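Here the structure comes first, spelled out in structure tokens, and everything after it is commentary.
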There are 2 protein chains.
Amino acid sequence: MTKRNEETDNLQPNRPRAKPLDALDRKILSALAEDSTRSYADLGREVGLSAPAVHERVKRLRATGVIKRTSADLHGPSLGKDFLAFVHVEAAGWGKTEGVMEMARLPEVEEVHAVTGDTGLILKVRMDCPEAMEGFLWRIYDMPGVRSTRTYVVLSTHLERGVQAGITPELSQGDNLK
Amino acid sequence: MTKRNEETDNLQPNRPRAKPLDALDRKILSALAEDSTRSYADLGREVGLSAPAVHERVKRLRATGVIKRTSADLHGPSLGKDFLAFVHVEAAGWGKTEGVMEMARLPEVEEVHAVTGDTGLILKVRMDCPEAMEGFLWRIYDMPGVRSTRTYVVLSTHLERGVQAGITPELSQGDNLK
DNA sequence: TGATGTGGTGAATGGTGTTCAGCTAACCAG
DNA sequence: CTGGTTAGCTGAACACCATTCACCACATCA
């Protein structure tokens, strides 16, 4: 029944961050990042807490935006999207303006990043077939300011996962020692 | 409890695919990709089915691998991972051998793709700070066969989402007409 | 036409999410 | 040192939801 509060996702670094995430939080996050269908009782058994305690923490992690959302990860090829590519876009003079939002609206686009280096924008796009790619690139070129693109077609994906919680102690420099 | 069966992800188009995914399946998938905490009764109300019917379909979609898993999407900066980058790796003579698996074991690495174009491998990596990036690149260079790398530091992310179900009818060319 | 299988429904049930009152320990002010 | 306040955990209670089941409708096919 969780409401969709996705507007606070990665736009703001999340305002109401009061608690600095202790080791138990990280364990819970790590487990939920792997499989969010596990019961609170189950998680509690693993980290040494009661079910309501785990529930309380997860609720807080959601509210503070540490858990952006919980989603089903779909298999591209099963949905007819056999074609994955990264597209580097070189555009003139729009930092985070209209053009970026326009790209984000295209259903093929999964990621849009502004980057340093020999390009300005990196897009991750997934679609049916190479022909669809051609049409997609035309649409990109139609956008004002787009100078050039470079496409990297993915031949095989060997790893594709979300943000890792990272339970290694050296990652957090003052959390669980209290 | 889901094991990491990422090696069968888009290498095979998934074996036990019997059903060709009708429009209702896509609606359900689209909804679950947005928010997998919604109840079956709720989903059923949206697509016009009873709760057990939706449950049956979701169970099948899981079994056939269309739903790879359901996971909590974490917020990098809240976990101390403020630094995101794409690394292009040029390596000599290993297609999908040991080196790729070695990279996938590094906790900073979120994605590994073999691509066409002026590079061989694209890595998506997330870590604490630029200093960590330096150490990471050293480890990459230590791997046998690595010739060169090119790093694109992400300045801002404007979109980051999973595979879209794509309910637009023209995407599937012969699915729901039976 | 009758057998078979697929996929749906509504009702029943067991498990899980969720709430609540109370307990404990830490912290702070007096 | 002591009393008040707060944060966070626990076990019990409750409501809701996932899951199962028997039954049914419809399409397919011998």
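The structure displayed is predicted, hence computed values, not measured ones. A, B, ... follow the sequence lines: proteins, then strands. Residue 1 opens every chain.
Residues in residues 134-146 of chain B take part in these salt bridge (Lys or Arg N to Asp or Glu O under 4.0 Å) pairs, two or more places apart or across chains: B:Glu108-B:Arg139.
Looking at residues two or more places apart in sequence or on another chain, you find a side-chain contact (heavy atoms from CB on, under 4.5 Å) between B:Thr116 and A:Val153, A:Leu155.
When rounded to the nearest whole Å, the span between OH of A:Tyr40 and P of D:dC17 equals 14 Å. The CG-P distance, from A:Asp42 to C:dG17, rounds to 9 Å in whole Å. Nucleotide C:dG17 holds its P atom 11 Å from the CZ atom of A:Arg62, rounded to whole Å. In this structure, B:Arg38 atom CZ and D:dA18 atom P are separated by 12 Å, rounded to whole Å. Computed from coordinates, the A:Ile28 CD1 to D:dG8 P distance equals 13 Å when rounded to whole Å. For the pair B:Leu43 CG and D:dA18 C1', the computed distance is 12 Å after rounding to whole Å. The nearest whole Å value for the distance from the CG atom in A:Asp22 to the P atom in D:dC9 is 8 Å. For the pair A:Glu56 CD and C:dT16 P, the interatomic distance rounds to 20 Å; values are reported in whole Å.
Between A:Arg161 and A:Glu34, none of the side-chain N atoms (NZ, or NE/NH1/NH2) sits under 4.0 Å from a carboxylate O, so this pair counts as no salt bridge.
In this model, the phosphate group of C:dT18 is approached by a side-chain N or O of A:His55 to a distance below 4.0 Å at OP1 or OP2. Taking only side-chain nitrogens and oxygens, A:Lys59 never comes nearer than 4.0 Å to OP1 or OP2 of C:dG17. Residue B:Arg57 places at least one side-chain N or O closer than 4.0 Å to OP1 or OP2 of C:dG8.
Proximity note for A:Pro52 (side chain, C-beta onward) versus C:dT18, C:dG17, C:dT9: the nearest is C:dT18. When distances are taken from the side chain of A:Leu49 to each of C:dG8, C:dT18, D:dC9, the shortest belongs to D:dC9.
In this structure, the ring of B:His113 has its center less than 6.0 angstrom from the ring center of A:Phe86.
Counting any heavy atom pair closer than 4.0 Å across all strands shown, A:Ser50 reaches a base atom.
Residues A:Thr70 and A:Arg62 form a side-chain contact, since some pair of their non-hydrogen atoms from C-beta on lies under 4.5 Å apart.
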